[in-house]
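So that the names make sense, note that chain A is the first sequence line, chain B the second, and so on, each numbered from 1. If you're wondering where the values come from, they're calculated on a predicted model, not measured in any experiment.
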2 protein chains.
Amino acid sequence: MNDKDELLKLENQLCFAFYACSREITKLYRPILSELDLTYTQYITMLALWEKDGVTVKDLGARLLLDSGTLTPLLKKLEAMQLITRDRDKADERNLVIRVTEHGAQLKEKAMCVPAQLSQQMNIPIEEVNSIRDQIQDLLSKLEPTV
Amino acid sequence: MNDKDELLKLENQLCFAFYACSREITKLYRPILSELDLTYTQYITMLALWEKDGVTVKDLGARLLLDSGTLTPLLKKLEAMQLITRDRDKADERNLVIRVTEHGAQLKEKAMCVPAQLSQQMNIPIEEVNSIRDQIQDLLSKLEPTV
DNA sequence: TTTTTTTAAATTGTATGCAATTTATTATCA
DNA sequence: TGATAATAAATTGCATACAATTTAAAAAAA
């Protein structure tokens with residue numbers, strides 16, 4: 001195994017570590033979120049909207065780093081679940097304004113226990129989790145200047 | 001904004017940091033890998049096979065943390081591209097043995113420059129990259145005991 | 001040996017992601 | 001003002017991910 005081979009080894013790739021770890025974390029959420037009848041992507045979309053709603057698809061996409069190709073069907077699903085509303089902006093009909101419904105706001109109360117459940121499952125000291133999260137956010141900001 | 005709200009803020013979620021960063025890194029690969037006519041998942045699959053081939057779908061899946069539902073169509077694609085072969089194990093017909101073809105081995109030479117190209121695009125000190133990669137691998141090993 | 005269980009891939013169905021294009025609307029320019 | 005450009009969503013097409021089921025083959029048990 002020479003240097004050239006080391007270069008392409010899976011375990012040496014930053015990308016694979018991220019890719020694998022991200023999916024493993026998402027898997028931990030699945031059983032917990034199924035109690036809220038949400039997928040992982042629906043969950044982080046609701047997180048963004050609980051923080052700030054009355055936003056456009058574009059705003060939301062900038063926040064989640066997702067485009068309309070992903071968001072449009074996802075938001076239609078959340079609308080069908082009566083968690084959000086999708087209305088055209090009267091002042092500019094190009095914009096679609098997304099708002100959390102009363103039912104959607106109630107779900108937030110149920111979601112409050114999700115982070116604790118996750119944390120318990122991961123069984124990793126909170127300081128360690130926060131440290132790595134901060135480092136990843138720092139890396140992300142270098143990759144995505146607008147974040 | 002009280003403590004309860006902090007709990008569900010997007011920026012406080014480890015999962016979102018991973019999810020967003022993983023996708024941003026994958027995006028960096030896209031233009032580079034398009035020169036090899038590979039998608040990102042096809043690329044990491046080839047990385048695993050260049051390291052060790054003659055393995056079953058199950059072996060490969062354990063390595064990449066992917067199941068046959070994802071791998072079967074992906075491997076059929078790579079076979080159609082003549083980068084790999086898919087043959088039943090004569091000793092146990094349940095097993096499908098994956099091997100890299102001559103053409104697939106040639107592609108490895110072209111792939112050699114991918115990590116350097118990526119590194120240049122990311123423009124982040126190698127020590128920093130290695131440090132965060134090691135921390136993520138450590139986290140992954142705690143989440144996925146068999147890795 | 002026949003039946004049952006286990007195992008490995010493949011298949012099916014649902015939900016993303018994302019590039020590229022299209023549609024509808026608004027802004028800008030000649 | 002009328003034509004052109006720009007913008008926001010939606011749509012289309014392709015490639016994952018993954019749970020759940022099915023199929024085929026091998027191993028284990030009756």
Can you tell me which nucleotide in [options] comes closest to the side chain of [X]?
{"X": "Arg30(B)", "options": "dC18(D), dA10(D), dA19(C)", "answer": "dA19(C)"}
{"X": "Lys76(A)", "options": "dT11(D), dA9(D), dA9(C)", "answer": "dT11(D)"}
{"X": "Leu66(A)", "options": "dA10(D), dC18(C), dT25(C)", "answer": "dC18(C)"}
{"X": "Lys27(A)", "options": "dC18(D), dC18(C), dA10(C)", "answer": "dC18(D)"}
{"X": "Arg23(A)", "options": "dC18(D), dA25(D), dC18(C)", "answer": "dC18(D)"}
{"X": "Thr41(A)", "options": "dT16(D), dA9(C), dT16(C)", "answer": "dT16(C)"}
{"X": "Glu93(B)", "options": "dA19(C), dA9(D), dA25(D)", "answer": "dA25(D)"}

| task | Taking the side chain as every heavy atom from C-beta outward, state whether Leu139(B) and Cys21(A) have any atom pair closer than 4.5 Å. | result | yes
Regarding [X], tell me which of base, sugar-phosphate or nothing describes its non-hydrogen contacts under 4.0 Å with the strands shown.
{"X": "Leu71(B)", "value": "nothing"}
{"X": "Asn95(A)", "value": "sugar-phosphate"}
{"X": "Asp92(A)", "value": "sugar-phosphate"}
{"X": "Thr26(B)", "value": "nothing"}

| said: What is the separation between atom CG on Leu75(A) and atom P on dA8(D), rounded to the nearest whole Å? | reply: 16 Å
| d(OH, Tyr40(B); P, dC14(D)) in whole Å | 24 Å
For [N] and [X] - does any side-chain N or O of the residue sit under 4.0 Å from the phosphate oxygens OP1/OP2?
{"X": "Thr39(B)", "N": "dC14(D)", "value": "no"}
{"X": "Lys77(B)", "N": "dA15(D)", "value": "yes"}
{"X": "Tyr19(B)", "N": "dG17(C)", "value": "yes"}
{"X": "Arg86(B)", "N": "dA10(C)", "value": "yes"}

| Any donor-acceptor N/O pair under 3.5 Å between dA10(C) base and Ser68(B) side chain | yes
| message | On the side chain of Thr72(B), is there an atom forming a donor-acceptor pair with the base of dA9(C) - under 3.5 Å, no angle test? | response | no
| Hey, which of these two, Arg94(A) or Pro73(B), hits DNA chain C nearer its 5' end, going by closest nucleotide? | Pro73(B)
| message | Need to verify one output field. Residue with the more 5' nearest nucleotide on DNA chain C, Leu74(A) or Asp89(A)? | response | Leu74(A)
| field | Spatial distance of atom OG1 (Thr26(A)) from atom OH (Tyr43(A)) [nearest 0.5 Å] | value | 12.0 Å
| message | Do the side chains of Lys27(A) and Glu24(A) get close enough for a salt bridge, i.e. N-O under 4.0 angstrom? | response | yes
| Lys/Arg N to Asp/Glu carboxylate O, Asp138(A) vs Lys142(A), below 4.0 Å | yes
| task | Check whether the side chains of Thr56(B) and Asp59(B) place a donor and an acceptor atom closer than 3.5 Å, and report yes or no. | result | yes
